[in-house]
Structures are given as structure tokens and as C-alpha cells.
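Below is one structure, written out as C-alpha cells; the observations come after it.
A, B, ... follow the sequence lines: proteins, then strands. Residue 1 opens every chain.
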Amino acid sequence: MPRRPQTTPRNRDVPQERIRATVDCIPEGRVASYGQVAAEAGLPGRARLVGRLLGELADGSRLPWHRVVNAAGKSSLDPASPSGREQRRRLEREGVEFRASGSIDLARFGWRP
DNA sequence: GGATTGACGGGAG
DNA sequence: ACTCCCGCCAATC
């Protein structure tokens, strides 16, 4: 019987491509949670896959990775790290406001597809 | 090939 | 708001 390839290089990229495409859909000035991105990509419950993917993006990626935050409306990066500050800088430039606690009001800035 | 590790999430207490 | 716990699963030890 022909064996069903489980994790060949080709089909490994399918979920990743769906996630990429979804992140690319988040409009300026809006944020989406990892779980939301996963669900929109047709991969409910796979929030961690979104996080892993974004973590592996090359520096020059044009994907709007900064528009993805966790379900609490906060960045999952260390705010003091270069990428953490970059994320906030980019979001603020798009008009996203941060509370003193560092969280974002998802009711106002959350992406509603 | 088992155990650990996460840019996560939701529920319970 | 916070801790603990469990489900999730590809990558890495």
C-alpha cells in the first residue's frame, strides 16, 4: 500500500501559507489574536502554530506580524526587547492606542472580519 | 522515540 | 487580575 506522507516538505507549508495569508489580511490600525488568526485560517485551536510561524519570520518579512497580539490584547514579546518595542512603535504609528498597562482595547482595535 | 518547549487559549478557583 | 491546569502540536533535545 502506498504510504501517506505525513510531514513532507510540500504539505508542511500548507497550514503556514493559510496563516500567512490571514495575517496579511489584518488591516492597518487593527490587531488580531493568535487564536483568531488560526481560526480564520481554518485551523481552530492552533494558536501556537501562529506564534511559532511569526517567530520564524525573517527580519525583512513584509508580513504585518506586529498586528498579532495575544487574547489579552497584549504583545507576547518582551516590551523591552527590540522587536517588542518595534511592535508597539508600528502599532502606534497606525493609530492603535495602548493602555497604561500595555494592553490594547480589542473592542476598539480588534480586527472584525 | 520519549520528554521538553513554546510570539497561545480557555476554564476553574 | 492572578495562578494553576489542560489541550494543542511542530520542533528540538
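- A:S103 and A:K74 get closest at one heavy-atom pair: CB-CG, 3.5 Å.
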Passes side chain to side chain contact (heavy atoms under 4.5 Å, CB included), A:I104 versus A:F98? Steps please.
-> CA-CA 5 Å; A:I104 297 165; A:F98 288 74; 3.8 Å; yes
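- For the residue pair A:T22/A:E40, the side-chain donor-acceptor check at 3.5 Å is not satisfied.
- In terms of phosphate contacts, A:S33 brings a side-chain nitrogen or oxygen within less than 4.0 Å of OP1 or OP2 of B:dG9.
- Note on A:V69: it does not cluster hydrophobically with A:I26, by side-chain heavy-atom contacts below 4.5 Å among ILVMFWY residues.
- Distance CG (A:L43) to C1' (B:dC8): 14 Å, rounded to an integer number of Å.
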Under the side chain to side chain contact (heavy atoms under 4.5 Å, CB included) criterion, do A:L49 and A:I19 qualify, and how do the steps go?
-> CA-CA 9 Å; A:L49 184 58; A:I19 291 170; 3.9 Å; yes
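- Between C:dC5 and B:dT4, the two P atoms lie 15 Å apart (nearest whole Å).
- Summarising the geometry, the separation between CD1 on A:I104 and C1' on B:dA7 is reported as 14 Å, rounded to the nearest angstrom.
- Looking at heavy-atom distances under 4.0 Å, A:G35 makes contact with sugar-phosphate atoms alone, never a base.
- Taking atom OH of residue A:Y34 and atom C1' of nucleotide B:dG9, one finds them 12 Å apart after rounding to whole Å.
- Look at CD on A:Q36: it is 15 Å from P on B:dC8, rounded to the nearest Å.
- Partners of A:E94 by side chain to side chain contact (heavy atoms under 4.5 Å, CB included), not counting sequence neighbours, listed by chain and number: A:E28, A:H66, A:R67, A:L91.
- Taking for each of A:S101 and A:L49 the nucleotide of DNA chain C with the nearest heavy atom, the 5'-most of the two is the partner of A:S101.
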What does the list of N/O pairs under 3.5 Å between the protein and nucleotides 1-6 of chain B look like, with a distance for each?
residue: B:dG6; atom: N9; partner: A:R48; partner atom: NH2; Å: 3.1
residue: B:dG6; atom: N7; partner: A:R48; partner atom: NH2; Å: 3.1

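- Within a heavy-atom distance below 4.0 Å of DNA chain C, no residue of residues 56-67 of chain A is found.
- In this structure, A:N70 places its CG atom 6 Å from P of B:dG9, rounding to the nearest Å.
- Ion pairing between A:R88 and A:E92 holds under the 4.0 Å rule for side-chain N and carboxylate O.
- Listed for the A:Q36 side chain is no donor-acceptor partner under 3.5 Å among the backbone atoms of A:A71.
- With A:Y34 as the aromatic partner, A:R48 does not meet the cation-pi criteria of under 6.0 angstrom to the ring centre and within 45 degrees of the ring axis.
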